[in-house]
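Counting convention: from 1, in listed order, for ligands and their atoms alike. Along the sequence shown, the residues carry numbers beginning at 1. Values reported hereafter were calculated over all heavy atoms of this structure, with side chains retained and with hydrogens, waters and symmetry mates removed.
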Amino acid sequence: MGVNMERGFGLHHVTMLASDPVETLRFYGEVMRLHLVKRTVNFDAPDIHHLYFGDREGRPGTLLTFFPFTDAARGHVGGGAAAALSLAIPAGEMEAWILHLAEQGVDTLGPMERFGEQVLRFEDPFGLALDLIGREGIGATALPILAGATLLSQAPAATEALLVRLIGCEPAGEERGLRRLVIPGSGQSLDLAREGTTLPVETGAGIVHHLAFRVPDEAGLGAIRAELVALGLDPTPVLDRRYFRSVYVREPGGILFEFATDPPGFAVDEPPDRLGTSLQLPPELEPQRAAIERRLAPLTPAG
Ligand code: ZN
């Protein structure tokens, strides 16, 4: 237990595939009211943006990140994907959000009750299901806070065992075929479909690419990696993602997990009060900046 609390602090970020970058910015910035805290590129494919949204400081635990592949076909969820992403707002602000989303032309379903809370369901422009949770006990906030995800696993028992062992998740009941696994100390939880999903994921826009869990430092990351190897899994080496160091692993149920360090954070390459205001490239890509900027899709509407 103590060990888990030292290294598992909930979700660090969740990364999605999208299509139109302008629409990504409009929806998650204007409609969802998140702050764009980093404009960079996919380090493995620098012709594509990597857009990070979160709270104003871009703190780990608040981050949604997007790869907007221009003209990507819409994906379909299956075993090994997240079926929905959960965002929490103060319970008293649910009515205001329903009105706001209606004004923005977003069709919503509910609110309905799930695990004792009101949940409003809608989709982002790319087909990703979003659950807005009205939560008691969270202070007034202008922006929704990452609260977890609903996961479809090809092997739910194995996925749950891994989450319990590595993250310290605690089972907290079952409702309508979903097992709730609370991540202690984070205010976040993962709802795991009890039945295994064999239908494969069709990757594309609207699909969650991976979920990243917080690790306090590189020593903790090394320990997690060693444990993944000891469990017979096949994690990547420790990768430098500039804003964090990370290890990825495909868990037994087919979901891509990442473990990401809190440091160094987003102020490593631009001042904290100017996060997300200009395109940031890692040093190895900086010499190609002009060519990269030419090839990137514009972030502002044409005309
Ligand atoms: Zn990631």
Next on the checklist: On a heavy-atom basis, which atom in Thr70 and which in Pro21 lie closest, and how many Å separate them?
Outcome noted: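 Reported closest heavy-atom pair: OG1-CD, 4.1 Å.
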Checklist entry - Honestly curious: do Val208 and Phe259 fall in one hydrophobic cluster under the side-chain, below-4.5 Å linking rule? => result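 Yes.
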Next on the checklist: Can you confirm if the aromatic rings of Phe53 and Phe66 lie within a centre distance of less than 6.0 Å?
Outcome noted: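 Ring centroids of Phe66 and Phe53 are less than 6.0 Å from each other.
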Next on the checklist: As a test of reading the structure, name the N/O/S atom of Glu258 that is nearest the Zn ion (ligand 1).
Outcome noted: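 The Zn ion (ligand 1) is closest to the Glu258 atom OE1, counting only N, O or S.
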Checklist entry - What's the atom name of the N, O or S in His210 nearest to the Zn ion (ligand 1)? => result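 Going through the N, O and S atoms of His210 one by one, NE2 ends up nearest to the Zn ion (ligand 1).
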Next on the checklist: So, 2.8 Å as the limit: is an N/O/S atom of His12 located closer than that to the Zn ion (ligand 1)?
Outcome noted: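 Looking at His12, which is the residue asked about, there is no N, O or S atom under 2.8 Å from the Zn ion (ligand 1).
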Next on the checklist: So that I can check it, does any N, O or S atom in His13 come closer than 2.8 Å to the Zn ion (ligand 1)?
Outcome noted: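 It does; at least one qualifying atom falls short of 2.8 Å.
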Checklist entry - Is it the case that His50 and Thr40 place a side-chain donor and acceptor less than 3.5 Å from each other? => result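 No pair is found: no donor N or O on one side chain lies under 3.5 Å from an acceptor on the other.
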